[in-house]
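Following: one structure in structure tokens, then a few remarks.
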Amino acid sequence: MKITLKDGSVKEYNEAKSIIDIAKDISEGLARVACAGEVNGEMADLRTVIANDCELNIITATDPKALYVIRHTASHVLAEAVKRLFPNAKVTIGPAIDDGFYYDFDSEPFSREDLDKIEAEMKKIIKEGHEITRFTLPRAEAIAFMEEKGESFKVELIQDLPEDAEISFYDQGGFVDLCAGPHLMSTKGVKAFKLTSSSMAYWRGDSSKARLQRIYGTAYNKKEELAEHLERMEDAKRRDHNRLGREMELFTTVDVIGQGLPLFTPKGTKMIMKLQRWIEDLEDNEWGYMRTRTPLMAKSDLYKISGHWDHYKEGMFVFGDEEKDKEVYALRPMTCPFQYYVYKNSQKSYRDLPCRYSETSTLFRNEDSGEMHGLTRVRQFTISEGHLIVRPDQMVEEFKGCLALAKYCLETLGVNSDVTYHLSKWDPENKEKYIGEPDVWNQTEQHIRDILTELGIPFVEDVGEAAFYGPKVDINAKNVYGKEDTMITIQWDALLAEQFDMYYIDQNGDKVRPYIIHRTSMGCYERTLAWLIEKYAGKFPTWLCAEQVRVLPISDKYEEYAQKVCRELKKAGIDATVDSRSEKIGFKIREARLDKLPYMLVVGQQEEADNTVSVRSRFAGDEGVKPIDSFIADITEEIRNKTIREEMQAEENK
RNA sequence: GCUUCCAUAGCGCAGUUGGUAGCGCAACUGAUUCGUAAUCAGUAGGUCGAGGGUUCGAGUCCCUUUGGAAGCUCCA
């Protein structure tokens, strides 16, 4: 057989050979650093025996793909350590994940001290340097083997595999675990790891099943890489909006007001208002939207028509008791039906469509108490909501427009490169969660697929993520810890117009059902602000800053001039203040820097005499002396264009 | 909702085996009037998240409860 290696060279063998033996044949050194193989592009265990011609890439420890194998092996070492220290714990599953690995155990909860002990035991196991070997058993024998060991979760896993499957196990010095692999050749290969946390997880992610204890860890090829990773996590903590946003006094929460109900301070409010005014003007003046203003609550009847009462009642704040009260009201969890009735207010001609309605809409959702997080998961939020009532023939064009608007908003905020686009589809296996016919679902999904492809937007498809009335495009972003949240959603709805008996009159004088697009341009303001805090670590583009300029008089003598400068800035629509405390200039600059202000204007004798300001910015440090008018012209331009200036390096946290 | 961890002055923290409540920064007052990241001195501030229990005595031990963090599930 012929083995084609990565560099194009070809090795020929007369008999089948394992990847590790091929590596040894190439060089002993290569065999020592080999972690896995890639056979015709597929990850494979080093022990995999190759019998046919193929392309083989031997993955060494420095290859990023090797991390997956190192971490997977680390999770087995973790399992062995736990079994040694807690013999009653049962093992379940332990995969490698994006930035580490975890292993779920059926056990008593682990404390941090437990984790430290487990970590020490793992180091011991690694030092012992057990060779890792692989063997397989027929299904029935595999079940018996795991039953004998009392590993009931493993038994369940094997039972789900096909009857004729050969079940693979890995043995590291006597500790045997059911596993598909791949793994390193020895526990010695795990050189740098750390257990980071423990938490609860459900068996197979199902809250009705057993509660397991999950231990998270991370592993790298080198100690330095691990240290870098831990440093990145520290940096993430510093950027965390829930911490930084409170520290910068953008928002706060109060126990007696309630969970998931943040209060915005004047500073945070100013930022949100800047976003809101931008979006409203943009939609109304440039994208043809009409603004609506509709009630924050309605009778339950409304939600019964929309289907939300059946599909979403648990998530709503409802007043009154359906049994006792004549009328039950609920705070709105969405804006859809309200805007439909705006549409229905008058009879529409095909010439009136599309009707693009938009509203800065406050919504209420009764999240479970454990779901709340900072500004990203709250019980009351305000969204740049909108519904487009369109003719079926306009649907594709309008859907494209919504995507283009969302993309424009993301680009303006400088975050478009940080998002992923998802086509969220229904789940044909779970029909009762959705309304409408399978054909309609498949067709609309194909339309959206075509639109995304045509716009050249890369996307992934997610089954079972659709709204109950239609498929959608979700635009997701990761937070500092790598967890994804939906920022923007654009939904295709060919069904709800029927429920609300919405129609327009076509050219022939007939009533026709319109289609509806549910969409947001910039998502909800709370979540967007959270995202911006983390993206910019609090150092926002000038146009978004609540305080854009601070005038710093050298001493009390120049306060009057400072006030005059400040008045002129404010007259030009710039958010400016004066720091008139009797402090040294160095101290004032320090504080302005810690407040992450974009511009500081130092004024003293010289500036007052010349009617100038001495400009110091977050972006370039000392920018020199400028006439007041020219500074105002420059910053006005920067604000108008929503320029994102590059930050100055270093000088942090002195 | 579930599991673990956490809660001490505005913020960040210390507080030994149970024995008088502490530090840094911020705040306030006074002095200082200063040229690009911290001027000096002084003052005030706490039912130790809340409720109950054990004890001669609880910030510390036990129970209940509220809030926060991470994770699971769910979602914008």
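Each chain gets a letter, A, B and so on, in the order its sequence line appears, and its residues count up from 1.
One interatomic measurement links the two molecules: CD1 of A:I554 to C1' of B:A37, which rounds to 14 Å at whole-angstrom precision. Per the geometry, CG belonging to A:D556 stands 14 Å off P belonging to B:G35, to the nearest Å. Between A:L594 atom CG and B:A37 atom P the separation is 12 Å, expressed in whole Å. In this structure, the CD1 atom of A:I475 is 17 Å from the C1' atom of B:C75, given to the nearest Å. Atom P of nucleotide B:A38 and atom CZ of A:R581 are separated by 14 Å, given to the nearest angstrom. What separates CD of A:E607 from P of B:G35 is a distance of 12 Å, to the nearest Å. Atom pair A:R527:CZ and B:C75:P shows a separation of 12 Å (rounding to whole Å applied). To the nearest angstrom, P of B:C28 lies 11 Å from CD of A:E583.
Side-chain proximity of A:K584 to the nucleotides B:U33, B:C34, B:C74 is greatest for B:C34. The side chain of A:T486 lies closest to B:A76 when the candidates are B:A76, B:U33, B:G35. Each of B:C72, B:C34, B:A38 was ranked by its minimum atom distance to the side chain of A:Y216; first place goes to B:C72. The side chain of A:R590 has B:A38 as its nearest neighbour among B:U36, B:A76, B:A38. Checked against B:A37, B:A76, B:G35, the side chain of A:S614 finds its nearest nucleotide in B:G35. With B:U36, B:A76, B:U39 as the choices, the nucleotide that has an atom nearest any side-chain atom of A:K472 turns out to be B:A76.
Ring to ring, A:F317 and A:F364 are not that close: their centroids are 6.0 angstrom or more apart.
In this structure B:U32 sits in no base pair that meets the Watson-Crick or G-U test at under 3.5 Å. For B:U73, there is no paired base (Watson-Crick or G-U wobble, both distances below 3.5 Å). Across all strands shown, B:G68 is found opposite B:C5 as a Watson-Crick or G-U wobble partner, with both distances under 3.5 Å. Summarising the base pairing, B:A14 is matched to no nucleotide, lacking a Watson-Crick or G-U wobble pair whose two defining distances lie under 3.5 Å. Base pairing of B:G45 is not made with any nucleotide, judged by Watson-Crick or G-U wobble geometry with both donor-acceptor distances under 3.5 Å.
On a pure distance criterion of 3.5 Å, a polar donor-acceptor pair joins the side chain of A:E367 and the base of B:A76. Not a single donor-acceptor pair, N or O on each side, falls under 3.5 Å between the base of B:G10 and the side chain of A:E249. With hydrogens and angles ignored, no donor-acceptor pair closer than 3.5 Å exists between the side chain of A:R365 and the base of B:C75.
As judged by a 4.0 angstrom heavy-atom cut-off over every strand, A:I585 is placed among residues touching the sugar-phosphate backbone only. Among the protein residues, A:G604 comes within range of the nucleic acid bases, having at least one heavy atom under 4.0 Å from a base atom. As judged by a 4.0 angstrom heavy-atom cut-off over every strand, A:Q605 is placed among the base-contacting residues.
If you take atom P in B:U60 and the same atom in B:G24, they sit 25 Å apart, rounded to whole Å. Taking atom P on both nucleotides, B:A58 is separated from B:G67 by 28 Å, rounded to a whole Å. Rounded to the nearest Å, the gap between the P atom of B:U55 and that of B:G45 is 35 Å. Using atom P as the reference point in both B:C13 and B:U4, the two lie 24 Å apart (nearest Å). B:C5 and B:A76: their C1' atoms are spaced 29 Å apart (whole Å). Distance noted for atom C1' between B:G59 and B:G18: 10 Å (whole Å). Comparing the C1' positions of B:A26 and B:C11 gives an interatomic distance of 7 Å, to the nearest angstrom. Straight-line distance between the P atoms of B:U47 and B:G10: roughly 9 Å, to the nearest whole Å.
By the 6.0 Å and 45° rule, A:R527 does not stack over the aromatic ring of A:F381.
Between A:H373 and B:G68, a side-chain N or O to OP1/OP2 separation shorter than 4.0 Å is absent. For B:A69, one of the phosphate oxygens OP1 or OP2 lies less than 4.0 angstrom from a side-chain nitrogen or oxygen of A:N242. The shortest distance between the side-chain N/O atoms of A:R243 and the OP1/OP2 oxygens of B:G12 is not below 4.0 Å. Close to B:C34, at under 4.0 Å from its OP1 or OP2, lies a side-chain N or O of A:K557. Residue A:K588 places none of its side-chain N or O atoms closer than 4.0 Å to OP1 or OP2 of B:A38.
The 12-atom threshold is exceeded at CZ of A:R581, counting heavy atoms of other residues, nucleotides or ligands nearer than 6.0 Å. Counting non-hydrogen atoms of other residues, nucleotides and ligands closer than 6.0 Å to CD of A:E461 gives a total above 12.
Between A:F587 and A:G260, it is A:F587 whose nearest contact on RNA chain B lies nearer the 5' terminus. Both A:R246 and A:F381 lie close to RNA chain B; mapped to their nearest nucleotides by heavy-atom distance, the more 5′-ward contact belongs to A:R246.
Partners of A:H422 under the ring-ring contact (aromatic ring centres under 6.0 Å, His included) rule, at least two apart in sequence or in another chain, do not exist in this structure. A search for ring-ring contact (aromatic ring centres under 6.0 Å, His included) contacts involving A:F468 returns A:H308, A:H311, not counting sequence neighbours.
Side-chain contact between A:F105 and A:I215 is present, with at least one heavy-atom pair separated by less than 4.5 Å.
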What's the verdict on salt bridge (charged side-chain N to carboxylate O under 4.0 Å, His left out) for A:E367 and A:R377, showing C-alpha distance, side-chain angles and the deciding distance? CA-CA 8 Å; A:E367 303 284 352; A:R377 278 299 283 280; 2.8 Å; yes

